Amino acid sequence: MSDQKTGPNHVAIIMDGNGRWAVQKGRPRLFGHQAGARRVREIVEACPDLGVRYVSIFAFSTENWKRTQTEVAGLMALFRRYIAKEMQEFMRQGVRVRFIGDRIKLDRKLRELMDEVEELTKANTLTDLTIALNYGGRDEVARASRRMARDVALGKIDPETVDETTLARYLDTCFLPDPDLVIRTSGEARISNFLLWQSAYAEYEFIDTLWPDFTPEIFQGLIEQYAGRSRRFGAVSA
Ligand code: IPE
Ligand code: IPE
Ligand code: MG
């Protein structure tokens, strides 16, 4: 496998630090989430020039339900407002939007907006934005296994033929290439259940910047740094 010479095709971002950003300013956590949501537009807009075709963002994890009812409700309202407000912007930017995660637990109005934006933007081809909402990597693999087991029971697949490709087809991310680069802001060096299966060979960047302070310039710097990395995928570089 040759050394890394080009930029990442798929960048996944764990947008962390909204709460601390707000608290530092003496404001409620939701203020940080609002500021964080506003950051997404210019990052997505920067993708084509940086050669990034796929960008995936972690918006709400299967573990985030453990937060206070006020914060969870505030986040859900923010997601609804965000999708409604950005809908035309996605069209202007040629962005195709899709969601991963378990939608069952989300409220009906939000699910309708998610369906609407997916349908509206489905012919866009400049950037593919994937938003992880009520997403957890383990939950995703468990749900995929459940669906696959059903197909085994129905005789649609022979269990002896099940391999990595088979399981990958049942994942929420079946339409996505694996991430080349995973970025996490806010100084935490952990995955927090994001794209576990898909990131097996991703490159990681953990940076101290809190998400509401993340800029296209910082993004560009990380992408340039990625170009210098040697990805060997278990082989020996030439
Ligand atoms: C990330 O920011 C956004 C979500 C998890 C919804 P946080 O809310 O986790 O911010 P910190 O980590 O508390 O600063
Ligand atoms: C991960 O951030 C989830 C999102 C960014 C949506 P958290 O802030 O929830 O992660 P932990 O709990 O600190 O690991
Ligand atoms: Mg956090």
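Model, not experiment: these values are computed from the prediction.
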Are a donor atom and an acceptor atom from the side chains of [X] and [Y] found within less than 3.5 Å of each other?
X      : Y      : result
Ser186 : Arg184 : no
Tyr135 : Asp102 : no
Thr121 : Asn124 : no
Asp158 : Thr161 : no
Tyr82  : Arg41  : no
His10  : Asp180 : no
Trp197 : Asp178 : no

Exercise. For side-chain hydrogen bond (donor to acceptor under 3.5 Å, both in side chains), just list the numbers for Gln198 and Glu140, CA-CA rounded to whole Å, side-chain angles, deciding distance to a tenth of an Å, and then say yes or no.
Key: CA-CA 11 Å; Gln198 299 83 348; Glu140 178 192 32; 3.1 Å; yes
Exercise. Quick one: closest heavy-atom pair of Arg98 and Glu118, and the distance?
Key: CA-OE2, 3.4 Å
Quiz item: Which atom pair, heavy atoms only, marks the closest approach of Ile43 to Pro216?
Solution: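 So the minimum-distance heavy-atom pair works out to CD1-N, 3.7 Å.
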Does [X] reach the main-chain N or O of [Y] with its side chain, forming a donor-acceptor pair under 3.5 Å?
X      : Y      : value
Trp21  : Pro212 : no
Asn18  : Trp211 : no
Asp139 : Gly136 : no

Sidechain N-carboxylate O distance under 4.0 Å for [X], [Y]:
X      : Y      : result
Glu71  : Lys66  : no
Glu86  : Arg92  : no
Arg229 : Glu205 : yes

Practice problem: Carefully, step by step, assess Asp213 and Arg39 under the rule salt bridge (Lys or Arg N to Asp or Glu O under 4.0 Å). | Solution: CA-CA 8 Å; Asp213 292 329; Arg39 278 294 170 193; 5.4 Å; no
Practice problem: Kindly indicate, with the supporting measurements, whether the criterion side-chain hydrogen bond (donor to acceptor under 3.5 Å, both in side chains) is fulfilled by Arg232 and Ser230. | Solution: CA-CA 6 Å; Arg232 291 183 289 278; Ser230 170; 2.8 Å; yes
Self-check item: Test log, rule side-chain contact (heavy atoms from CB on, under 4.5 Å), inputs Asp128 and Val55
Solution: CA-CA 6 Å; Asp128 277 89; Val55 61; over 6 Å; no
Exercise. Report the C-alpha distance between Tyr170 and Arg150 in whole Å, list the side-chain angles of each, state the deciding distance to 0.1 Å, and finish with yes or no for side-chain hydrogen bond (donor to acceptor under 3.5 Å, both in side chains).
Key: CA-CA 11 Å; Tyr170 285 88; Arg150 271 187 210 129; over 6 Å; no
Quiz item: Would Met87 and Val40 show up in the same hydrophobic cluster when neighbours are defined by side-chain heavy atoms closer than 4.5 Å?
Solution: yes
